[in-house]
Structures are given as structure tokens and as C-alpha cells.
Amino acid sequence: MTRPIALVDCNNFYASCERVFQPTLRGKPVVVLSNNDGCVIARSNEAKELGIEMGAPWHLNREKFSGAGVIVKSSNYTLYGDMSARVMKTLLSFSPVLEIYSIDEAFLGLEGFEDRLEDHARTLRATVLQWTGIPVSVGIAPTKTLAKVANRLAKKDSASCGVRVLMAAADQERALAQLELSDLWGVARRLSGRLKAQGVVTPLALRNADPQQIRQTLGVVGERLVRELRGESCIEIEEIAPNRKSLIASRSFGRPVETLIEMQEAVATYASRAAEKMRRQNLATANLIVFVETNPFRTQDRQYRASQSAQLPIATADTGRLVAAALGALVAIWREGYRYKKAGVMLLDLAPANALQGSLFAAPDSPASQARMRALDVINRRYGRGALIIGAAGVKSAWRLRREHVSKSYTTSWSELLTV
DNA sequence: TCTGGGGTCCTAGGACCC
DNA sequence: TCTGGGGTCCTAGGACCC
């Protein structure tokens with residue numbers, strides 16, 4: 001009754017993309033660098049073998065690897081996004097049940113292929129390579145967490161030729177015995193530390209632990225992890241991507257920013273870029289955060305980091321309003337005398353820009369509708385007349401409108417509330 | 001003047017992912 | 001001088017509501 005789940009992961013994705021368009025890079029060590037050519041974000045196998053670490057700051061490594069013939073590329077996200085779309089489209093021809101998990105990973109539901117999982121995966125692998133030029137690895141198991149494990153082994157173990165199936169309990173146990181706790185999906189430094197402190201030292205021990213007991217110390221996340229390791233699927237494949245809830249536009253500065261005017265330029269740019277992103281997805285918001293920080297790697301400098309949120313009276317995607325709100329928030333956290341390294345604008349509580357129309361027809365007992373009715377009730381009691389609340393940001397902002405605006409600011413100006 | 005319970009919201013921070 | 005840029009989920013405590 002267990003349905004097989006495949007995790008398809010592109011090998012060294014950004015480096016592989018560069019190779020597709022520049023075949024002379026094949027067989028050579030290639031690294032792709034982050035913005036400002038700051039640090040390593042992708043490495044070909046050859047580069048990994050040279051000992052180049054993920055995230056390594058390039059200015060500390062340039063010397064070291066210049067003699068090794070390493071080819072360095074600046075990142076090109078437009079290209080990677082395009083290649084990703086081609087890979088995902090190809091995957092769709094191998095199963096209609098597809099969840100795009102990240103730019104280079106996807107989960108596939110393989111129900112119906114139980115009797116030929118390995119063959120199916122090998123054909124998939126060959127086809128993706130032929131159609132897109134991107135090599136992928138495939139891990140198959142009854143849960144997403146185990147599919148991640150299978151995928152890791154498919155990559156690591158050259159004998160498996162890029163495909164690993166872990167449907168049988170005995171195979172799963174053998175696989176878990178080969179890994180470290182921090183190799184597991186969802187376990188990083190902190191969690192593995194806490195587990196080890198509890199005497200759970202290996203992935204296999206975690207699989208054999210009591211879920212209830214793990215829940216005591218690690219909460220629901222821990223319990224889910226144990227169950228997933230046992231083959232009990234707790235994390236479903238999400239074929240329809242839920243609406244984005246927030247988005248960020250931020251950058252590190254190439255050199256320290258020390259004046260307000262420069263910081264204002266940067267924040268205005270980020271706010272405007274964030275607004276563009278939002279409009280492209282037909283979203284709107286009434287809630288944003290501006291943040292600034294100094295360079296934490298320069299321990300000799302005085303450190304400062306701060307963030308400030310700002311609320312707009314109604315949800316909007318208008319660049320002018322968002323820039324104005326962001327600059328207002330910046331003033332509240334700006335401190336003279338620091339060498340700023342990074343700043344950004346986050347947009348929160350994103351909701352479809354046409355939510356107002358939707359809300360009129362929302363089910364009467366939906367939470368959003370109830371919140372709106374309560375807000376309406378307050379207005380009716382207070383002012384003896386009805387008004388339509390702009391609920392574009394859903395329940396939360398309906399509450400906010402009620403608390404912060406309806407009862408305080410909007411004593412007469414209904415037309416403003418009604419503006420879309 | 002004293003006494004309760006159940007539920008949601010808000011916010012900040014932690015932890016993790018790619 | 002030089003160390004990325006995005007995201008999500010969970011928790012905990014206080015505020016607030018009925």
C-alpha cells in the first residue's frame with residue numbers, strides 16, 4: 001500500500017548548466033560564484049575533488065586554486081531558471097504527479113510503476129540528459145525523507161549509476177547505517193547536536209527511536225522525521241504550489257555603505273524590485289519589513305543589525321507607495337557611524353491582488369469571511385453604517401484593519417477603505 | 001470583589017532548506 | 001577590498017476576545 005516517491009535532483013546544477021552552453025568545460029573543474037563573485041555556490045565533480053568547499057569565499061581561495069585550472073563563472077540565474085523549466089517539463093512525461101521542490105529538484109509520484117521502478121528511473125535519467133544536457137540522480141522510496149536518502153546514495157555510490165531504489169525495509173536500514181545524522185533532510189547542526197545529546201547518534205538509531213519520546217524533545221518536526229524514516233509517509237507530494245507568502249529583494253554591497261543617502265538609494269531600489277516581482281505574480285501586500293546589517297565577518301568593526309516593519313492602509317502593489325513606506329521604515333533604524341554590508345526589503349502577507357473580488361463571494365463560514373464579518377460588525381456598531389473591508393491580505397490584515405485603522409484612523413473616510 | 005476556560009492573533013526568534 | 005539570495009515552518013509567551 002506504500003506508494004513510491006522519486007526525488008530527482010540535478011547534479012551540480014549551475015555548473016552543469018554552464019557546461020551545456022560551453023561544452024569545452026566538460027571534464028574540467030568548474031565553479032559558479034554568487035553575486036559580487038562573493039562565494040562558491042556550485043562546483044563540478046572535478047572542483048569538488050580539488051577540495052573546493054561549498055560556500056567558500058572566493059577571495060580567500062583564488063590564489064590557492066588559480067594554478068589548478070579551475071574555471072570560474074559568475075552566476076546567471078536567468079539561464080538556470082530556463083534550464084530548470086526544460087528539465088521539469090521533461091519530468092512531466094514520466095509521471096503526471098510532479099512537485100517542483102526547488103530550481104534543481106522535483107518529487108515524482110510513481111504509483112503504477114511499482115514493478116519496474118528501476119527501469120523507469122533509468123529511462124528518465126537518460127531522457128533528461130538527452131533532451132536537456134543536464135545529468136540527474138534519482139532516489140526512490142516510500143517517503144520523501146527516504147527518497148532524499150536514496151538520492152544521496154545514488155549520487156555518492158558510483159556503482160548505482162545515478163539510480164537508487166529503497167522500497168524494502170532491509171535496504172532502508174542498510175542505507176541509513178551508511179549516513180550521518182546531518183545527512184538527513186531537515187537535520188542540520190543544531191538538531192543533530194540535540195539528538196546526540198539524547199543518545200541518538202546515527203540515522204538508524206533515530207529510525208528505531210520512540211516517536212513519542214522524540215516528540216517530547218524535538219516537537220512535531222522530530223516525530224514526523226522518525227515516522228518518515230520508518231517508511232510512514234507524513235509529507236505529501238504537493239502538485240499545486242501554494243501561493244507565495246513573502247518575498248525578499250536584498251543584496252550585499254560590493255563596498256561598505258556609510259551614508260544615509262546611499263542607503264536610501266539602495267532601499268528604494270530593493271523596494272521597487274520587490275514591487276515588480278509582486279506584480280509579476282499578481283500579488284499585493286500591506287505589510288513590509290526593511291532590514292540593514294553590518295558585515296558580521298569583519299569582527300574588528302562595530303556590529304549593528306536592525307529591522308523595521310511598516311503597514312500600509314490598504315494592500316497594494318504600487319511601487320511609489322511601497323518605496324515611500326520602505327524609506328519611512330529605514331529612517332527608524334538608520335544609525336550613523338556604521339559600515340553597512342547589506343540591506344533588503346521583505347514583503348509579507350502576500351495575497352492575490354484581486355482578493356477583494358474574491359472575498360465578496362467567499363464561503364460565509366470561511367475564516368476570512370468570519371474575520372471580515374466581525375470587523376464589519378465593529379464598524380456597524382460604532383458608526384451605524386456598513387462598509388466593505390479591504391481583505392486583500394486575508395484574515396490577518398482584516399484583523400489589523402480592525403485594530404489599527406478602522407477603530408483609530410478611519411472615522412469618516414470610507415472611500416479610502418473602498419479604494420482598490 | 002472575586003472567579004475560568006478556550007480560542008485566535010501577534011511578534012520575535014530559531015531552525016532548516018536550496 | 002573581498003564571505004549569496006532567496007524561502008518555509010515551528011515555537012513560545014503575551015494580548016485579546018467571547
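Being a predicted model, the structure only gives us computed values, none of them experimental. Letters A, B, ... are given to chains in the order of the sequence lines, protein chains preceding strands, and every chain is numbered from 1.
- Proximity of A:Arg339 to A:Asn295: side-chain heavy atoms (C-beta onward) are nowhere separated by under 4.5 Å.
- In this structure, A:Ser246 reaches the C:dT8 phosphate: one of its side-chain N or O atoms is under 4.0 Å from OP1 or OP2.
- Taking 4.5 Å as the limit, some side-chain heavy atom of A:Val31 sits within range of a side-chain heavy atom of A:Val70.
- Looking at heavy-atom distances under 4.0 Å, A:Leu184 makes contact with sugar-phosphate atoms alone, never a base.
- Between A:Tyr77 atom OH and C:dG6 atom C1' there is a gap of 9 Å when expressed in whole angstrom units.
- Rounded to an integer number of Å, the gap from A:Asn35 CG to C:dC2 P is 15 Å.
- Listed nucleotides C:dG4, C:dC2, B:dC18 differ in distance to A:His59; the shortest reach to its side chain belongs to C:dC2.
- We find that CZ of A:Phe291 is positioned 15 Å from C1' of B:dG13, with the value rounded to whole Å.
- One finds no side-chain N or O of A:Arg244 lying less than 4.0 angstrom from the OP1 or OP2 phosphate oxygen of C:dG6.
- Using cut-offs of 30° and 60° for the angle between ring planes, the A:Tyr77 and A:Tyr14 rings count as perpendicular.
- A:Asp104 comes within 4.0 angstrom of sugar-phosphate atoms only, judged by non-hydrogen atoms across all strands, and of no base.
- At distances below 3.5 Å, at least one donor-acceptor pair connects side-chain atoms of A:Thr285 with backbone N or O atoms of A:Leu348.
- As a whole-Å value, the separation of A:Trp185 CH2 from C:dT8 C1' is 11 Å.
- Put simply, NZ on A:Lys245 is 15 Å from P on B:dC10, counting in whole angstrom units.
- Remark: DNA chain C forms stems of 3 or more consecutive Watson-Crick or G-U wobble pairs, all pair distances under 3.5 Å, at B:5-18 with C:5-18.
- In this structure, the CZ atom of A:Phe107 is 12 Å from the P atom of B:dC17, given to the nearest Å.
- Residue A:Lys148 has a polar side-chain atom (N or O) positioned under 4.0 Å from OP1 or OP2 of B:dC18.
- The residue among A:Gly219 and A:Ser250 whose nearest nucleotide of DNA chain C is located toward the 5' end is A:Ser250.
- By the 4.0 Å N-to-carboxylate-O rule, A:Lys64 lies too far from A:Glu53 to be salt-bridged with it.
- A:Ala56 comes within 4.0 angstrom of no nucleic acid atom, judged by non-hydrogen atoms across all strands.
- Taking the six-membered ring where tryptophan is involved, the planes of A:Tyr101 and A:Trp185 are perpendicular, since the angle between them exceeds 60° and thus also 30°.
- Within a 6.0 Å radius of CZ in A:Arg279, more than 12 heavy atoms belonging to other residues, nucleotides or ligands are found.
- Across residues 253-281 of chain A, A:Gly254, A:Arg255, A:Pro256, A:Arg273, A:Lys277 each have a non-hydrogen atom less than 4.0 Å from an atom of DNA chain C (numbered order).
- Taking atom P in both C:dC18 and B:dT3, one finds a spacing of 23 Å when rounded to whole Å.
- To the nearest 0.5 Å, the span separating CD on A:Glu232 from CZ on A:Arg224 amounts to 12.0 Å.
- When each of A:Leu247 and A:Asn295 is assigned the nucleotide of DNA chain C with its nearest heavy atom, A:Asn295 is the one assigned upstream, toward the 5' end.
- Side-chain N/O atoms of A:Arg224 include one lying less than 4.0 angstrom from OP1 or OP2 on C:dC10.
- Taking the ring centroids of A:Trp334 and A:Tyr304, they lie at or beyond the 6.0 Å cut-off.
- Of the charged side-chain nitrogens involved, at least one lies within less than 4.0 Å of a carboxylate oxygen, so that A:Asp183 and A:Arg152 count as a salt-bridged pair.
- Atom CZ of A:Arg339 and atom P of C:dC2 are 7 Å apart (whole Å).
- For C:dG5, the OP1/OP2 oxygens have a side-chain nitrogen or oxygen of A:Ser252 closer than 4.0 Å.
- Atom CD of A:Gln281 sits in a crowded spot, with more than 12 heavy atoms from other residues, nucleotides or ligands closer than 6.0 Å.
- Nucleic acid contact class of A:Leu191 (heavy atoms, under 4.0 Å, all strands): sugar-phosphate only.
- Taking 4.0 angstrom as the limit, A:Ser102 places none of its side-chain polar atoms (N or O) nearer than this to OP1 or OP2 of C:dG7.
- In this entry the distance linking CD1 of A:Ile248 with C1' of C:dG6 reads 6 Å, nearest Å.
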